[in-house]
There are 2 protein chains.
Amino acid sequence: MERSGRCYHQFCGLARALDRVGERWTLLMVRELLLGPRRYKDFMAALPGLTSNLLAKRLKQLEADGILERVALEDGSGEAYALSELGAALEPVVMELGRWGSQFLTAPGPDDHVDPGPAMVSMKRRYKGGAALRVQLEVDGRPFVLGLEEDYLRVEGRRTDVADLRLRTSFAGLRKWWFMGARARDLIAAGELELEGERRDLRSFVRAFERLA
Amino acid sequence: MERSGRCYHQFCGLARALDRVGERWTLLMVRELLLGPRRYKDFMAALPGLTSNLLAKRLKQLEADGILERVALEDGSGEAYALSELGAALEPVVMELGRWGSQFLTAPGPDDHVDPGPAMVSMKRRYKGGAALRVQLEVDGRPFVLGLEEDYLRVEGRRTDVADLRLRTSFAGLRKWWFMGARARDLIAAGELELEGERRDLRSFVRAFERLA
DNA sequence: CGGCATCCGTCATGATACTG
DNA sequence: CAGTATCATGACGGATGCCG
């Protein structure tokens with residue numbers, strides 16, 4: 001394959017990988033796509049600082065490299081981008097980098113853009129399995145579908161009508177629970193977490209994230 | 001911490017990681033350091049295209065970030081750079097990227113720089129354990145010490161006097177065995193692999209790399 | 001010669017505006 | 001909304017110089 005940009009020209013798997021996904025913004029775009037098909041504006045919203053021209057260029061290159069593909073949205077509202085099989089195989093890469101970088105996640109810096117997407121990815125990474133539950137989680141109005149399966153957490157950044165449990169919170173609330181270990185019941189009592197569904201399902205949900213990878 | 005260069009400014013582990021090791025050449029430098037302490041000239045030799053000024057800059061930044069540290073060489077021949085604990089924790093990142101990128105490693109391209117270092121890293125990654133052997137491997141004159149342990153392969157890019165087995169080959173020979181599945185005995189018969197030590201140890205060595213991760 | 005620093009040209013990226 | 005076009009800037013590649 002003829003690579004477009006500059007390459008490392010080394011007979012090395014790492015170099016070959018970086019030739020394809022080593023440029024600025026690329027892996028963050030892949031991270032976004034781990035939450036399901038994403039549209040142009042979704043990238044623009046999730047990746048502040050990424051400019052339109054560069055996004056278009058990256059999308060084109062990633063499509064040419066077979067890492068993502070254009071797909072029609074289920075609801076018929078135009079096109080979007082989704083990971084191909086090759087691109088989906090980047091999940092362990094994103095996860096390991098995220099795991100390593102998480103040690104620098106103390107508090108959001110003053111200039112930091114906060115977004116629930118990365119937190120969802122970290123939940124996906126740390127989920128140890130053992131539950132079976134479908135949860136609709138809404139963070140600051142952004143919907144996510146969490147599919148807790150036997151040994152895998154499926155996360156999709158979309159809205160659904162079918163869910164055992166519906167949770168609504170803010171990023172601050174999510175952060176208190178996920179990053180800082182606050183108890184869900186305390187957040188509910190403080191009005192920072194709204195619950196719709198059975199307490200039994202909430203307990204299953206909370207328990208599934210008590211012992212983490 | 002005040003990061004020097006430009007950052008993504010996202011509250012996200014992946015972004016935090018890429019802020020530190022996402023720039024050009026950085027992860028390739030980490031890969032080199034997985035083979036033990038490395039000196040300035042070692043980087044220059046292993047990373048063609050990386051210029052002296054940029055190498056100095058990267059080394060300084062990585063040291064400031066606590067990813068590597070200056071160490072005195074055992075043989076007293078000056079200073080070198082080694083991974084700190086924080087930097088060593090990048091091994092899974094390098095491995096997952098290498099694993100993903102390995103699918104693009106068919107044959108070395110015409111412009112490709114070939115180097116046994118990355119192949120050693122890939123051996124480290126794919127080693128499944130179960131052996132106990134100390135091997136001195138020399139590829140095109142470059143020495144490596146392979147420490148096959150119960151569940152870990154230690155690889156160091158240096159020479160040693162203590163080894164159960166000594167192997168000498170060329171990169172072409174290494175590639176035939178490691179990447180293309182040629183049998184060691186055939187390489188020996190063809191004069192592409194020189195052996196010093198007991199055949200029993202060679203069998204252990206070969207067998208340890210027959211079932212791979 | 002190893003270990004850098006400096007200068008300069010080029011290209012990748014960032015900022016902004018514009019278009020279908 | 002989904003890009004394209006244009007321009008400015010800074011990162012990077014290449015050459016060279018300095019110093020022990």
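Note on naming: letters A, B, ... go to the chains in the order of the sequence lines (proteins, then strands), and numbering restarts at 1 for each one. This one's a predicted model, so the numbers in the text were calculated from it and none came from an experiment.
- Straight-line distance from the CG atom of B:L47 to the P atom of D:dG13: 11 Å, rounded to whole Å.
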Contact pattern, 5' to 3', of nucleotides 1-6 of chain D - B, S or - by protein heavy atom under 4.0 Å
SSBBBB
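- No donor-acceptor pair closer than 3.5 Å links the side chain of A:R142 to the backbone N or O of A:E138.
- At whole-Å resolution of the value, CG in B:L54 and P in C:dC7 are 17 Å apart.
- Among residue pairs with one or both ends in residues 19-60 of chain B, those qualifying as ring pair (Phe, Tyr, Trp, His ring centres under 6.0 Å) are A:Y8-B:W25; sequence neighbours excluded.
- For A:R99, the side chain to side chain donor-acceptor pair (under 3.5 Å) partners two or more places apart in sequence, or in a different chain, are A:E96.
- Taking every heavy atom of residues 8-17 of chain A and every atom of DNA chain D, no pair lies under 4.0 Å.
- Rounded to whole Å, atom C1' of D:dA11 lies 16 Å from atom CG of B:D19.
- Atoms CE (B:M44) and C1' (C:dG3) sit 10 Å apart, rounded to a whole Å.
- A:Q103 meets the side chain to side chain contact (heavy atoms under 4.5 Å, CB included) test with A:W100, B:L86; sequence neighbours excluded.
- If you measure from atom CD of A:E23 to atom P of D:dA11, you get 16 Å, rounded to the nearest angstrom.
- Side-chain contact of B:R31 with A:Q10: a donor-acceptor pair under 3.5 Å is present, judged by distance alone.
- Between the side chains of B:R125 and B:S102, a donor-acceptor pair is found at a separation under 3.5 Å.
- At C:dA12, none of the side-chain N or O atoms of B:R24 fall inside 4.0 Å of OP1 or OP2 (strictly under the cut-off).
- The list of ring pair (Phe, Tyr, Trp, His ring centres under 6.0 Å) pairs with a residue in residues 137-173 of chain B, not counting sequence neighbours, is empty.
- Taking the six-membered ring where the residue is Trp, the centroids of A:F11 and B:W178 are separated by 6.0 Å or more.
- Counting to the nearest Å, the P atom of C:dG3 and the CD atom of B:E63 are 14 Å from each other.
- The distance between atom CZ of B:F43 and atom P of C:dG3, rounded to the nearest whole Å, is 10 Å.
- Between the CG atom of B:L73 and the P atom of C:dG3 there is a distance of 9 Å, given to the nearest Å.
- The shortest distance between the side-chain N/O atoms of B:R6 and the OP1/OP2 oxygens of D:dT9 is not below 4.0 Å.
- Neither OP1 nor OP2 of C:dA12 sits under 4.0 Å from any side-chain N or O of A:W25.
- Cation-pi geometry between B:R70 and B:Y81 is not met at under 6.0 angstrom from the ring centre and within 45 degrees of the axis.
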